[in-house]
Amino acid sequence: MQALRSLFMCLFFLFSLLRISAATALVTITPSGYIRDGDTLVSVGGSYELGFFSPVVWVANREIPLGDSSGLLKLTKQGVLVLLLNSSNSIVWSSNSSRIAGNPVSQLLDSGNLVVQDRKETNPDNFLWQSFDYPCDTFLPEMKLGWDVVTGLERYISSWKSTEDPAPGEFSVRIDYRGLPQLLLMKGAKIQARAGSWNGLYLTGLGYGYGVRQPNPISRSEFVMNKDEVYFDYRLWNMSMFSRFKKYRFFKPGQVVSGR
Ligand SMILES: *[C@@H]1O[C@H](CO)[C@@H](O)[C@H](O)[C@H]1NC(C)=O
Ligand SMILES: *[C@@H]1O[C@H](CO)[C@@H](O)[C@H](O)[C@H]1NC(C)=O
Ligand SMILES: *[C@@H]1O[C@H](CO)[C@@H](O)[C@H](O)[C@H]1NC(C)=O
């Protein structure tokens, strides 16, 4: 299935073993540039790389694999990322934004977040679009799992359909904020497990290690609840470590993989 896999636009960790001899490794995409199959977009500190390969933490075109290797990732003048098939000039996937940029640029941050920003924007966190708003099956440090209550955007992770197919599968991990916010494992519309609610210190169903109840030597997590947002996130104590939390078929919270 190598063929199918490589036809998805994928974000992967830059391990030395997975280093591929990319034709071009760019740091930004501007409206005059693009990356094509074989090229990659690399984060400034070199922690993450985006390209047409696997294994992955984020897939742009989860549901529509590219038909051949003529895929191009471009940024339009308005600041929309477009993944197109040059052979048929068809758009396979695109990002979107409610705002238009005067001078857009896209880059991959060292957190693994693929962002589109206006070059003139002085607030570095004011993104026009960010992949962290559309998680796939991997919950990375600095990602928010939960709700932007103002826009109604829900960020949740969902399993792949199968190991070969990144289309959304039936399992998801999401926040239900009606009543006391809870972290839920869902199978379709059914609740499979609850990680409990946030009692101000930790998730009652997870206990040790998932909050300040017992400081975790690798990461710390927090639950943020205010009038604009309700989310769960985690950070690593040591940024030179690597961690990811994946949605497996069975709920194994905190599958922490560390190393570099
Ligand atoms: C896209 O396809 C056209 C027509 O086949 C070709 O001339 C052009 O070089 C291709 N662009 C890229 C970036 O591969
Ligand atoms: C972006 O696309 C998503 C999914 O298609 C849609 O739900 C959302 O409303 C769009 N957002 C904007 C700002 O257009
Ligand atoms: C972070 O991890 C690196 C590599 O394991 C280690 O060399 C460094 O001392 C750690 N830093 C802190 C502040 O623990």
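All ligand and atom numbering here is 1-based and tracks the order in the structure.
- Inspection of the Gln130 and Asn113 side chains reveals an N or O donor paired with an N or O acceptor under 3.5 Å.
- Under a 4.0 Å criterion applied to the non-hydrogen atoms of Leu72, ligand 1 contributes the atoms 13 (C).
- Residue Asn86 places at least one N or O, backbone or side chain, under 3.5 Å from an N or O of ligand 1.
- For the 3.5 Å distance criterion, the side chains of Gln107 and Thr28 fail to qualify, holding no donor opposite an acceptor.
- If you check the side chains of Ser70 and Ser87, you find a donor sitting under 3.5 Å from an acceptor.
- Defined by atom type and a distance below 3.5 Å, a donor-acceptor pair is present between the side-chain atoms of Asp110 and Ser43.
- Other residues, nucleotides and ligands place more than 12 heavy atoms under 6.0 Å from the CG atom of Leu153.
- Set against the non-hydrogen atoms of Tyr34, the atoms of ligand 1 under 4.0 Å away are 13 (C).
- Nearest non-hydrogen protein atom to atom 14 (O) of ligand 1 is Arg36 NH1, 3.3 Å.
- By the definition of a contact as any protein heavy atom under 4.0 Å away, atom 5 (O) of ligand 1 is not in contact.
- Within the 4.0 angstrom cut-off, atom 12 (C) of ligand 1 has one or more protein heavy-atom neighbours.
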